[in-house]
Amino acid sequence: MISERIRVRFAPSPTGYLHIGSARTALFNWLFARRHGGVFVLRIEDTDEQRNKTEALAAIFEGLRWLGLDPDEGPEQGGAYGPYFQSERGPTYAEAVKQLERSDGIYPCFCTKERLAQRREQRGGGGDASWHYDGHCRALPAAEVAERLAAGEPYTWRLKIPRPGATTFNDLIHGPTTVDHADVEDLILVRADGTPTYNFAVVIDDHLMAITHVIRGQDHLTNSFKQVLIYEALGWEVPAMGHISLILAPPPHTGKLSKRHGGAEIKEYQDKGYDPDGFVTWLAMIGWSFGKDEEKEPIAREELIANFDIANAGKANARMNPSKLNAISGRHIRAMPPAELARKIEPYLRAAGCLPPDAGEAALALIAECVQPRIDFFAQAPAIVDWAFKDPVYEPDALKALAGTAGAAEFLRAYAETLPAAFAAPADLESHARDFSTARALKFGAFAKAVRAALTGRLQTPPLFHCACLLGREETVRRIERAAEVAAGGKA
RNA sequence: GGCCCCAUCGUCUAGUCCGGUUAGGACGCAGGGCUCUCAUCCCUGAAGCAGGAGUUCAAAUCUCCUUGGGGUCACCA
C-alpha cells in the first residue's frame, strides 16, 4: 500500500491567511521532497471553517506560489490520491470505523458534552486542565451498550487505548520519543453527528494518500502520539514523523509567533516586496543550517535543496529576527540584474507617485541604479528618489549647508550657467563638475554638498549626478537657482 | 498544574552522536578603510557554552538535579 516513493504533505486549514510558521512547515516538506525526489502534496483541511472558503484558499495558493513551493499534487494540480480537500473525503472514513469496530479497537461513548465538562470542572476545583476521559463507557456491560444503541441514544466512538502501555516513535529530529498511555485519554474518533475528528481524519487521509513522512511543527507532538495509536489500532504502517521547532514571537512578546504580534502573515512580506528567494533562505535558516559556515553570497534554491537534511534541523525553538531577513533579502536584491530590479520596483514607484506616466525605460533604469545598494525590500524604493518628484523641502541640515556655506549663492548660479546643454551620463556631469570646482578653487566635497542640498533638499541621497540626471537639465537649473536665492537670503 | 519537547555570543546557528578546538560563521552593534553624502563593499573589534553535582587525566560535548523557555491537555484543526 505504501509506495516506495517518498511522499510528504502540507496540510493547512484555510484560515484566511498563510502563517509564517505554516510556510516554514511547507518549506521543510518541500525541501525534503525535492531533496529525495519525492512528491509534495497539498491537502486542505477544511472540515471546520466553511466561511470565506474561496478567499482563504487564495491566501494559501498565492502564498505558496510567491514562495515558489509548487505542490506536485493538490487542489489545483490534481493527482491520483484525491480529493485534496478534506471536506470531500467524508465517505472514506466509514470503512475505517467498521474495521475498528470489528477489531474491537473502539467503543461507543454515550457521555454528553455536559457530563464531560462537569467532570473537568470538578477535578482539581476547576483549576486542573489535565483531566482525561475516565473511560466510563469503556466499562459499560455489552448488554447495556446494545440496549442504548438500539434505543437510538446519541454516541461518539472512542479509541480503546491499550492500558497499561506506552508508545514510542523515532522522531526524525528528536530521536526516540515516548509517552505513557496513562497520559493519553481514549480520544473521540467519530463525533455524535458521524463526522471524524481531526486526528482520525488525518491518519486516514495520510494513509490513503500514501504519505511516508509527516513533517510538521512541534505543536503537533502530542497529536502524533495519538495518531500513532490510531495507526496501530488499524494495523497500518506508521509513517516516519519529524517535528520541527517553532518560531517564537520577537522580544517584547513571549510564546509562539501569532497573528497578533504582527509579521506573522506571509502576505505582509510579499506586499513589502521582500525578495522571495531571500525570504525562503531566511525561513530555511531558522532552525536549520548547512553545517558549513554561512556564505555572504545569496544562497540559491538548488543549494538549499542539495544540502537539506531533516536530521540537521534544530530541536530548539527560534525567536523571530526580522533584521536578518532584511540583510538576506538585501543581499539578493544587490545580486539581481538591474533590469530585473527595475521591473520589480516599478509598481511600488508608480503607486508612490515616483514614476511619472511618461517616464521612459532610461529613467526607470537610472532609478534602479540608485536604489539597488540602498534597499532591502522593494517598498523602500520610492523613499530613495521621492524628492525628485516634488518640490524640495529643505531639511534643517540642508538649509544650513546652503545658507552657511561661504559663497554658495554665487557658485551655485555660476554652476547652473556652465551646465552642459544636454544631460547624458552621470559620469559626464561629474567630470564637468570636478573641472568646475577645480577652476574655482572650491573643495569638491563642499561644493557637492551645496548642490546636493539644492537638488534634493537633503544631505543623504544617491550619488549627486545620478540625482541631476534624474531631474533633467531644466529642473536641475531651476532648483539650483532657487537654492541660490535661499543661500543669498540666509547670508543677509 | 499533568504530560511532552528544548537549552552555545543580544538573535539565528556550527561544534554534542564517536569528550582533548585560540568555541567557528551570519545578523545586529562598535571602530576603521573606500568615497561627492548616504548606502554598498572591505578590514578589525566587543560579545556565548544557564547553574550545580557526578564520571574522567580531560566535559560545551556523557549522567543526574535545579533553573529557565516552549508546546499541549476539546464531539477545533
Of the nucleotides [options], which has the atom closest to the [X] side chain?
X: A/Lys113; options: B/rG70, B/rC5, B/rC75; result: B/rC75
X: A/Arg319; options: B/rA77, B/rG70, B/rC12; result: B/rC12
X: A/Ile188; options: B/rC75, B/rG71, B/rC3; result: B/rC75

[N] to [M] separation - [atom1] atoms, rounded to the nearest Å:
N: B/rC4; M: B/rU8; atom1: C1'; result: 24 Å
N: B/rC18; M: B/rA23; atom1: P; result: 23 Å
N: B/rU22; M: B/rA60; atom1: C1'; result: 15 Å
N: B/rU21; M: B/rU16; atom1: P; result: 13 Å
N: B/rG19; M: B/rC27; atom1: P; result: 34 Å
N: B/rU55; M: B/rU61; atom1: P; result: 15 Å
N: B/rU11; M: B/rG51; atom1: P; result: 15 Å
N: B/rC12; M: B/rA7; atom1: P; result: 12 Å

Starting at the 5' end of RNA chain B, which residue's closest nucleotide do you reach first, A/Leu248 or A/Thr177?
->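 It is A/Thr177, whose closest nucleotide lies nearer the 5' terminus.
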
The answer to which of A/Asn223 and A/Ala318 contacts RNA chain B further toward the 5' end, by nearest nucleotide, is A/Ala318

Remember a base hit wins even if backbone is also touched, and classify [X] as base, sugar-phosphate or nothing at under 4.0 Å, heavy atoms.
X: A/Thr178; result: sugar-phosphate
X: A/Gly175; result: nothing
X: A/Cys111; result: base
X: A/Gly217; result: nothing
X: A/Ser245; result: nothing

Quick one: side-chain contact (heavy atoms from CB on, under 4.5 Å) partners of A/Glu153, sequence neighbours excluded?
->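 In terms of side-chain contact (heavy atoms from CB on, under 4.5 Å), with neighbours along the sequence ignored, A/Glu153 is linked to A/Phe110, A/Arg148.
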
By side chain to side chain donor-acceptor pair (under 3.5 Å) - contacts of A/Tyr269 (at least two apart) =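 A/Tyr269 satisfies side chain to side chain donor-acceptor pair (under 3.5 Å) with no other residue.
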
Is the base of B/rA77 touched by the side chain of A/Asp46 through a donor-acceptor pair closer than 3.5 angstrom?
->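 Between B/rA77 and A/Asp46, which were checked side chain against base, a qualifying N/O pair under 3.5 Å is absent.
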
Hey, are A/Arg374 and A/Thr461 close enough side-chain-wise for a donor-acceptor pair under 3.5 Å?
->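 No, because no side-chain N or O of A/Thr461 sits under 3.5 Å from a partner of the opposite role on A/Arg374.
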
Could you tell me the separation between the CG atom of A/Asp171 and the CG atom of A/Leu221, rounded to the nearest 0.5 Å?
-> 6.5 Å

Between A/Lys315 and B/rG70, does any side-chain N or O lie under 4.0 Å from OP1 or OP2?
->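 Result: no.
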
Output yes when at least one side-chain N/O atom of A/His174 is less than 4.0 Å from OP1 or OP2 of B/rC6, else no.
->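 Affirmative; the distance criterion is met.
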
I would like to know whether A/Asp435 and A/Arg440 meet salt bridge (Lys or Arg N to Asp or Glu O under 4.0 Å); could you show each step before the answer?
-> CA-CA 9 Å; A/Asp435 290 347; A/Arg440 312 201 34 125; over 6 Å; no

Could you check whether the rings of A/Trp157 and A/Tyr155 sit parallel, tilted or perpendicular, using 30° and 60° as the cut-offs?
-> perpendicular

Please confirm whether the backbone N or O of A/Pro298 pairs with a side-chain atom of A/His332, one donor and one acceptor, at under 3.5 Å?
-> no

Indicate for each nucleotide in nucleotides 27-50 of chain B, in 5' to 3' sequence, whether protein heavy atoms under 4.0 Å reach the base (B), only the sugar-phosphate (S), or nothing (-).
-> S--------BBBBS----------

Any strand: nucleotide that pairs with B/rU72 via Watson-Crick or wobble, under 3.5 Å =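 Across all strands, the one nucleotide that pairs with B/rU72 is B/rG2.
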
Cation-pi, A/Phe85 ring and A/Arg43 (6.0 angstrom, 45 degrees) =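 Judged by the rule (NZ or CZ under 6.0 Å from the ring centre, within 45° of its axis), A/Arg43 is not positioned above A/Phe85.
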
